[in-house]
Amino acid sequence: MILLDGKKTSEAIKQQIASEVAEMVANGLRRPKLVAILVGEDGASKTYVNNKEKACQDVGFDSEVLRYPDTITEGELLAKIREINEDEGVDGLIVQLPLPKHIDEDKVINTISPLKDVDGFHASNVGKMVLGEPSFVSATPYGIMAMLEHYNIDTKGKHCVVLGRSNIVGRPIANLLSLKGNPGDCTVTICHSRTKNIEQHTRMADIIIAAIGTPHFLKEDMVKEGAVVVDVGITRVPDATRPKGYRIVGDVDFEHVAPKCSYITPVPGGVGPMTIVSLMRNTLQAMKQHK
Ligand code: GUN
């Protein structure tokens, strides 16, 4: 069993980005800039945004976090997005999800300029991604693809089972893996909350992407010998023995599943760091396209 080390892999990519930024600055260009909008007080969202800000510092990007109370109106938020769309000093704009119930997320996402949509959530970027055209691919699926590529995992003709159909992970990764290329050329099955006998699907899978949001959902008897398992789960489970009062648990029962796998991602230290570095890659790409 080989551990897919997202920390190490993402560090290597981070260093490439940092040296590219240093070269740009040495040539008189400004630094890429990412703006993140954070609405409300959700603890996980705050952590994610802090991590994104820290990653920007690590690679030499400028960054700004705009924090708003959850009483902000949809109109106020949309007006701010339109203002940033016009700001030539900003390359990438993300709005951390979820948003409060009174704000229409689709409206927010589709108000972001597709040229600055480094989350790859805008309908225009999603459509291009599905067609295999150049686009911003959302960070988690992009990170998973980069990890498979980094470890030279052969995906051609393999049966991939994706657990979860979210717009952020399940749907895009299923599309990417079904496209021509390597990673790609997979036969893909998407399983979700209404799928009957999920284990019958997972047992046939050469590659399993677990993005269902249920801690330890994927058990030993659901996985065939030699499978590649990618765990996207990041559920916070209360744990009084930890300094923060919780620990992060993946969708895979790692302890029992890992011995059966050819490759598996740990949680934490697997997909998570790859996601953040992918956002950095998209932001650098956004700046190059603006110039
Ligand atoms: N909420 C959970 N994941 C993400 C993400 O990748 N981007 C944004 N904007 N919000 C999220």
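Read the numbers this way: they start at 1 and go in the same order the structure lists the ligands and their atoms.
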Legend entry - side-chain hydrogen bond (donor to acceptor under 3.5 Å, both in side chains) evaluation trace for Thr155 with Asp185: CA-CA 7 Å; Thr155 59; Asp185 283 330; over 6 Å; no
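- Inter-residue side-chain proximity for Met287 and Arg30 is flagged as met; some heavy-atom pair is nearer than 4.5 Å.
- When atom types are taken as modelled, the side chain of Ser113 and the backbone of Asn85 share no donor-acceptor pair closer than 3.5 angstrom.
- In this model, no donor atom of one side chain and acceptor atom of the other lie less than 3.5 Å apart for Thr214 and Asp251.
- You'll find the side chain of Gln96 reaches within 4.5 Å of the side chain of Lys52, heavy atoms only.
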Inset, instruction - Determine, step by step, whether Ile264 and Phe254 satisfy the side chain to side chain contact (heavy atoms under 4.5 Å, CB included) criterion, reporting the C-alpha distance in whole Å, the side-chain angles of both residues, the deciding distance to 0.1 Å, and the verdict. - result: CA-CA 8 Å; Ile264 186 167; Phe254 183 91; 3.7 Å; yes
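- Protein residues having a heavy atom under 4.0 Å from any atom of ligand 1 are Lys52, Val95, Gln96, Leu97, Asp119, Phe121, listed by chain and number.
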